[in-house]
**Q** 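Sending over a structure as structure tokens; questions will come in a sec.
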Amino acid sequence: MARGKKIYEGKAKTLYEGPEPGTIIQYFKDDATAFNAEKKAVIEGKGVLNNMLSEYFMTGLAQVGVPTHFLKRLNMREQLVRACEIVPLEVIVRNYAAGSMAKRLGIEEGTQLPRPIVEYCYKDDALGDPLVTEEHIAAFGWASQQDMDDILSLALRVNDFLAGVMYGVGIKLVDFKIEIGRVYDGDFQRLIVADEISPDSCRLWDMKTGEKLDKDVFRRDLGSLTHAYTEVATRLGVMPKNNPQPGKPTLIN
Ligand code: UDP
């Protein structure tokens, strides 16, 4: 499928105009960044794994009735998605304390939270995506009260789905981040899950050993990121078990 003009180049993905109006092609790069792009590397195969994993999660979400921007995977690195206006918020759902929340509140990493906690960060790289409250969101008009009700409901539904899928393969969903898109059907507007869902934007710990199977492997220099993501993909059946070349993604189709 012919790619159109480049629309945007982000840290891990590049967006191109799609073949029809209202569509976009998401190209998954091998670039990894952390700490607001202070730490960078190219990790061979990461883009392929994230493309496949994001397809898997977005397709599953659609099947349980959670609307997403995903239309179809085009090849190893590209997927066709619905164009949408991205709400300028990172929506984070946490089941266990980790990362910035553990630090901010002095809670030991891995402590189970009394209930899922949803946080919002304002999407602005120059500011380091600061944590904001619903007061900021309403006052600055980033989302309406109705949007916030819908976003909370989407976030918790994604959490239930992802936590269940991960539980089924012996992985604890510690936390994750999603982005929300706004689409218009005539005069009617609605919110859908956009961007990607992959181990780049989740914390995933092996239930038995506690081994980290997400981007913290890169952030904290804990070993091979490709190995960790391949493990997640293999457990979910997105990749065959007997990969002849460990570290090199071999895909089912
Ligand atoms: N996250 C993300 N992109 C960001 C910030 C966070 O995907 O720009 C994800 C991160 O991978 C983790 C969750 O959101 O799964 C919570 O991240 P946290 O606030 O703890 O920040 P971090 O410790 O990653 O800086």
Side-chain angles (χ1 to χ4, degrees), residues 10 12-13 15 18 22-28 47-74 77-87 89-96 115-121 123 143 146-185 188-204 213-215 229 232-239 251-253:
K13 292 187 295 299
L15 305 185
T23 63
I24 284 181
I25 292 176
Q26 280 199 148
Y27 176 95
F28 287 75
V48 174
L49 284 157
N50 281 354
N51 185 23
M52 301 294 290
L53 284 164
S54 200
E55 173 194 22
Y56 179 82
F57 297 129
M58 294 286 187
T59 307
L61 282 169
Q63 275 170 6
V64 299
V66 178
T68 82
H69 74 159
F70 181 82
L71 296 172
K72 69 172 179 176
R73 184 167 61 79
L74 299 173
R77 288 192 181 268
E78 293 176 325
Q79 50 182 242
L80 187 69
V81 300
R82 191 163 171 192
C84 51
E85 275 173 33
I86 295 288
V87 175
L89 297 173
E90 303 213 321
V91 180
I92 293 171
V93 184
R94 301 177 183 274
N95 299 306
Y96 296 83
R115 59 175 210 195
I117 294 178
V118 182
E119 294 177 343
Y120 306 99
C121 293
K123 260 174 75 68
Q146 177 64 55
D147 291 339
M148 291 313 290
D149 292 347
D150 293 348
I151 290 172
L152 180 64
S153 153
L154 280 174
L156 293 175
R157 290 169 76 195
V158 173
N159 187 45
D160 284 346
F161 170 78
L162 275 185
V165 166
M166 291 303 177
Y167 177 82
V169 295
I171 294 173
K172 194 190 267 187
L173 178 66
V174 173
D175 59 30
F176 67 92
K177 182 264 306 188
I178 52 170
E179 297 196 15
I180 303 291
R182 195 186 299 284
V183 288
Y184 297 89
D185 294 317
F188 186 67
Q189 68 122 40
R190 63 198 180 94
L191 299 176
I192 61 179
V193 177
D195 191 49
E196 73 176 274
I197 300 178
S198 74
D200 267 9
S201 51
C202 301
R203 282 198 171 90
L204 305 170
L213 300 170
D214 56 60
K215 206 164 99 177
Y229 288 21
V232 175
T234 304
R235 288 198 202 182
L236 291 169
V238 174
M239 286 180 51
L251 300 166
I252 286 168
N253 55 22

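Both backbone and side-chain heavy atoms feed into the values below; hydrogens, waters and symmetry mates do not.
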**Q** Would you please name every residue forming a side-chain contact (heavy atoms from CB on, under 4.5 Å) with Tyr167, sequence neighbours left out?
**A** Met207
**Q** Indicate yes or no: does Asp175 engage Arg203 in a salt bridge with an N to O separation below 4.0 Å.
**A** yes
**Q** Once side-chain hydrogen bond (donor to acceptor under 3.5 Å, both in side chains) is applied, what residue pairs with a partner in residues 56-68 remain, sequence neighbours excluded?
**A** none
**Q** Under a 4.5 Å cut-off applied to non-hydrogen side-chain atoms, are Pro67 and Arg190 in contact?
**A** yes
**Q** Which residues pass the salt bridge (charged side-chain N to carboxylate O under 4.0 Å, His left out) test with Lys13, not counting sequence neighbours?
**A** Asp195, Glu196
**Q** Is any side-chain N of the basic residue among Arg82 and Asp185 closer than 4.0 Å to the acidic one's carboxylate O?
**A** yes
**Q** To the nearest 0.5 Å, what is the distance between CD1 (Ile180) and CE (Met148)?
**A** 9.5 Å
**Q** Report the distance from atom CD of Glu119 to atom NZ of Lys177, rounding to the nearest 0.5 Å.
**A** 14.0 Å
**Q** Would you check, one step at a time, whether the test side-chain contact (heavy atoms from CB on, under 4.5 Å) holds for Val48 with Arg77?
**A** CA-CA 5 Å; Val48 174; Arg77 288 192 181 268; 3.8 Å; yes
**Q** Can a donor-acceptor pair be found, under 3.5 Å and without considering hydrogens, that links the side chain of Asp214 to the backbone of Leu204?
**A** yes
**Q** Atom CG of Leu71 and atom CE of Met58: how far apart are they, to the nearest 0.5 Å?
**A** 11.0 Å
**Q** Can you check side chain to side chain donor-acceptor pair (under 3.5 Å) on Asn51 and Glu78, steps first, answer last?
**A** CA-CA 7 Å; Asn51 185 23; Glu78 293 176 325; over 6 Å; no
**Q** Looking only at heavy atoms, what is the nearest atom pair of Phe57 and Ile197, with distance?
**A** CD1-O, 3.3 Å
**Q** Strictly below 4.0 Å, N to O, side chains only: are Glu55 and Lys72 in salt-bridge contact?
**A** no
**Q** Report yes or no: does Asp150 contribute a side-chain atom to a donor-acceptor pair with the main-chain N or O of Leu191 at less than 3.5 Å?
**A** no
**Q** Strictly distance-based, threshold 3.5 Å: is any side-chain N or O of Arg157 a donor or acceptor partner for the main-chain N or O of Gly65?
**A** yes
**Q** To the closest 0.5 Å, what do you measure between CG (Leu173) and SG (Cys202)?
**A** 6.0 Å
**Q** Got a donor-acceptor contact below 3.5 angstrom from the Ser201 side chain to the Ser198 backbone?
**A** yes
**Q** Between Arg182 and Asp147, is there a side-chain N and carboxylate O pair less than 4.0 Å apart?
**A** yes
**Q** Distance check, rounded to the nearest 0.5 Å: Leu89 atom CG versus Glu179 atom CD?
**A** 9.5 Å
